[in-house]
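Below: the structure, in structure tokens.
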There are 4 protein chains.
Amino acid sequence: MIQKFLSLEPEKQTRIINAALAEFSERGYKNASTNEIVKRANISKGLLFHYFGSKKKLFLFLYDYSMNLFLNDFYSKIDFSETDLIKKLRQAALLKIELIQKHPDLYNFILTSMVDDSFEIKPELEDKFKAIAREGYSRLFANIDVSKLKEGLDVRHVTEIIMWVGQGFGNRVLEQMKRDPDYKRDLDIQKFITEYDTYIAILKNAFYK
Amino acid sequence: MIQKFLSLEPEKQTRIINAALAEFSERGYKNASTNEIVKRANISKGLLFHYFGSKKKLFLFLYDYSMNLFLNDFYSKIDFSETDLIKKLRQAALLKIELIQKHPDLYNFILTSMVDDSFEIKPELEDKFKAIAREGYSRLFANIDVSKLKEGLDVRHVTEIIMWVGQGFGNRVLEQMKRDPDYKRDLDIQKFITEYDTYIAILKNAFYK
Amino acid sequence: MIQKFLSLEPEKQTRIINAALAEFSERGYKNASTNEIVKRANISKGLLFHYFGSKKKLFLFLYDYSMNLFLNDFYSKIDFSETDLIKKLRQAALLKIELIQKHPDLYNFILTSMVDDSFEIKPELEDKFKAIAREGYSRLFANIDVSKLKEGLDVRHVTEIIMWVGQGFGNRVLEQMKRDPDYKRDLDIQKFITEYDTYIAILKNAFYK
Amino acid sequence: MIQKFLSLEPEKQTRIINAALAEFSERGYKNASTNEIVKRANISKGLLFHYFGSKKKLFLFLYDYSMNLFLNDFYSKIDFSETDLIKKLRQAALLKIELIQKHPDLYNFILTSMVDDSFEIKPELEDKFKAIAREGYSRLFANIDVSKLKEGLDVRHVTEIIMWVGQGFGNRVLEQMKRDPDYKRDLDIQKFITEYDTYIAILKNAFYK
DNA sequence: GATGAATGAGGGTTCATTCAT
DNA sequence: AATGAATGAACCCTCATTCAT
């Protein structure tokens, strides 16, 4: 069924995908309206179901699509040769931000889908992305130069800590954006990076020889 | 209107609150069905609206109720006299876990409500809890013994990092629980604390003199 | 059941009657809320049904009550000895207006009840008031001095015409009041009578010798 | 939205219109049930709202529809060239009766809607029909031959009186019909006209030279 | 392939009425 | 007598999904 969709003229595919992505991320799974999607995509009601079968399957397709696109973009741009752990994590964090800015609807959709409990992602899909992530991680951290870390530090623990700090900092920024629309508009990416680097510096000091 | 509810026999109150809490946290605001709530609570449809007026007001009441209960419990048990930053944060983290285990539905509900975009919590309520949290924080960190930190470390940054690590660790555990119900059942709180303490030890080493 | 109501302290009776009268005339039968009535009357929900059994029976009681009161007032004040047809009809029309001004809620209620099709007045009640009206009419027109009419005029026809003109004029005024609240406030009863008398003069000229 | 409805097969349109017209006029706006309407029209619940959006819009559409149909029919059949006031009013009255007999549900609906306080017709619609009526009236009475009236009679007053008599007579007949279904079935239109003409004769005698 | 009219289960909400106290 | 908590049928409306064209 989705084969049919994929052999559509690309412009129409894009129109439909963007319409659905936007609607789902703006209103959540349950609240999103297939009526609204077809209106945004300028196609008929029947066609949507002709291609995707159900709202749920459409959502699942979008999840697959978004994750693939996001992860591919990510792993094609990351510099696997970097051996410094902190530099690599910093690079990953900044790349993530770059991708969010490049595909905001797509990212919002992924966020929404992780959060919407009205809905369970198909295990197969989850497994697929778990596998991609696992494989990506191992490649990412394969060639880390452990000798830079202070004695006795486990690299896994250190990695987790740095990532959690990155996430915590990111969430704080996102919350500020949510609360204060002005903040979002004026968000100076450079200022953001500078602040992030403060934390990085602290961690470097703490964990590096 | 809610006064009527509050002067009900406690058992019935509990039944209704639990039913609603469970339904909302399982299915999200929009998806939650008042039909299902009354069925779970074993009361008539009309009664729910007799007490709460609308689904929205019910949700708002639950939010208020849950937050109050959770925060009160938290702040009544925390040891404000502790001056060691890491000990205090560890204590807070463990207390939080204890509370989650004690009121799991309540915690799930709060999580859901923070995430559910189909619904905007009344700003007044949010402000109220923001105020409680802010005041709690300042009391919590009022008497920290800064002299234990290595020179040049900003206490705010250090606090944030430790909290983010706690959150990151907590999320990892919650995800495991979500993915694997067995894990949840067998969750050995002591094992959990031990693992958490590994991270705490690393951070202590990193930040303390 | 209504016996119980009638042996209530008069003040409470009045409170209930007025509350119900007002609610029904303001919002129509279906739209009227028993909740609102008990609130206005400051009695409990159960009591209303204790006395009247159902919303419908309450309405029926009010119909009976209002009609009785209105007709009694009317027939007690009309001058049956007047023999001039036009004077008698003019007197009746003005008396009606006086009563409307005296018991506006009551009159509104009667109007509402004649118009509300969501509801059928019990035939017994209708018959009762038909009988009263018929008997009143025959007394009213018993001693008319027919000799004043031009030759060949049937008194019944003339009476009907004059009454219809009165009604038509009245309706026109009511419509203006409905459309323009200012008109209602500024309504000068004397001006109203003067205009009415214009029509009366025309009819007198037309029908009297 | 209503465009969709208007491009439906006429038979279905009629079925829906008649069902709604009947339900509204039988039970009033508030009491009328959309459930009942769809049952009568033999369509699904959703379809009604697909076409009309809401009960209120459906009602408004019917009001517009009925008024247009009624007024168009009326003004297309009336003989504007008639210069005799009484003949013209008689013609109008009989035409009105003819139309009521032709579209009874439609007429009942209009009556109901004028009377139903649970609902305020959109001012725009009211204005529209006021304008039509006003323009119709002025055309209707433009070429009246005033010279036939007795000296000193104001044509406006005379017109009003004749119309009010027509209305009064009409109401009396309608009431008889309501009270006694047999009367309605046996209603001999010719007998009716004859009786009406009695009043017309009296008025002619009274007002014409 | 493409359309959009048509469906009907389910949603939140109201309210006259009942009944234990 | 008096209360008001409790009921549940009926209300209007939404929306994913189907299907004849």
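In what follows, every chain begins at residue 1, and chains take the letters A, B, ... in the order their sequences are listed. The analysis underlying the following values was restricted to heavy atoms, covering all of them including side chains, and did not include hydrogens, waters or symmetry mates.
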Discussion item. Using a 4.0 Å heavy-atom cut-off, does C:Tyr51 contact any base of the nucleic acid, only the sugar-phosphate backbone, or nothing at all?
Written reply: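 Sugar-phosphate contact only.
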
Worksheet item: Quick one: are C:Leu106 and C:Phe70 in side-chain contact, heavy atoms under 4.5 Å?
Response: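 Counting from C-beta outward, C:Leu106 and C:Phe70 do come under 4.5 Å.
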
Are OP1 or OP2 of [N] and a side-chain N or O of [X] less than 4.0 angstrom apart?
X	N	value
B:Lys56	E:dG11	no
A:Thr34	F:dA16	yes
B:Ser44	F:dG8	no
B:Asn35	E:dG11	yes
C:Lys57	E:dT17	no
C:His50	F:dA2	no

Practice prompt. Identify, between C:Lys4 and C:Gly46, the residue whose nearest nucleotide on DNA chain F lies closer to the 5' end.
Written response: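 Checking each residue's closest nucleotide, the 5'-ward one belongs to C:Lys4.
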
Worksheet entry | Nearest-nucleotide 5' precedence on DNA chain F, D:Gly53 against B:Leu48 |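 Upstream on the strand: B:Leu48.
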
Worksheet item: Can a salt bridge be assigned to the pair B:Glu124 and B:Lys128 using a cut-off of 4.0 Å between side-chain N and carboxylate O?
Response: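 B:Lys128 and B:Glu124: not salt-bridged.
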
In the strands shown, is [N] matched to any nucleotide by a Watson-Crick or G-U wobble pair with both distances under 3.5 Å, and which?
N	value
E:dA20	F:dT3
E:dA9	F:dT14
E:dT14	F:dA9

Practice prompt. Would you mind telling me which residue lines up with the more 5' stretch of DNA chain E, C:Ser54 or A:Glu9, judged by nearest nucleotide?
Written response: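 The answer here is A:Glu9.
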
Worksheet item: Taking for each residue the nucleotide of DNA chain E bearing the nearest heavy atom, is the 5' side occupied by B:Ala32 or by D:Lys12?
Response: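 By nearest-heavy-atom nucleotide position, the 5'-most residue is D:Lys12.
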
Specify the separation, in whole Å, of atom [atom1] of [X] and atom [atom2] of [N].
X	N	atom1	atom2	result
B:Leu8	F:dG4	CG	C1'	12 Å
C:Lys30	E:dT14	NZ	P	14 Å
B:Gln3	F:dG4	CD	C1'	16 Å

Discussion item. Using 30° and 60° as the class boundaries, would you call the ring planes of B:Phe61 and B:Phe52 parallel, tilted or perpendicular?
Written reply: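 Rings of B:Phe61 and B:Phe52: tilted, as their planes differ by 30° to 60°.
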
Fill in: D:Phe59 and D:Phe109 aromatic ring geometry - parallel, tilted or perpendicular at 30°/60° bounds
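The rings of D:Phe109 and D:Phe59 sit tilted, inter-plane angle from 30° to 60°.
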
Discussion item. Is it the case that E:dT13 (base atoms only) and B:Lys45 (side chain only) share a donor and an acceptor within less than 3.5 Å, ignoring hydrogens and angles?
Written reply: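 Per atom types, the contact qualifies.
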
Fill in: Side-chain-base donor-acceptor pair under 3.5 Å for A:Lys55 and F:dT17
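No, the side chain and the base share no sub-3.5 Å donor-acceptor pair.
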
Discussion item. If I take atom CG from residue B:Leu58 and atom CZ from residue B:Phe49, how far apart are they, to the nearest 0.5 angstrom?
Written reply: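 Output value for this atom pair is 8.5 Å.
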
Nearest of [options] to any side-chain atom of [X]?
X	options	answer
C:Phe49	E:dG1, F:dT14, E:dT17	E:dT17
D:Ser33	F:dA1, F:dC11, F:dT17	F:dC11
B:Leu47	F:dA5, F:dC15, E:dA2	F:dA5

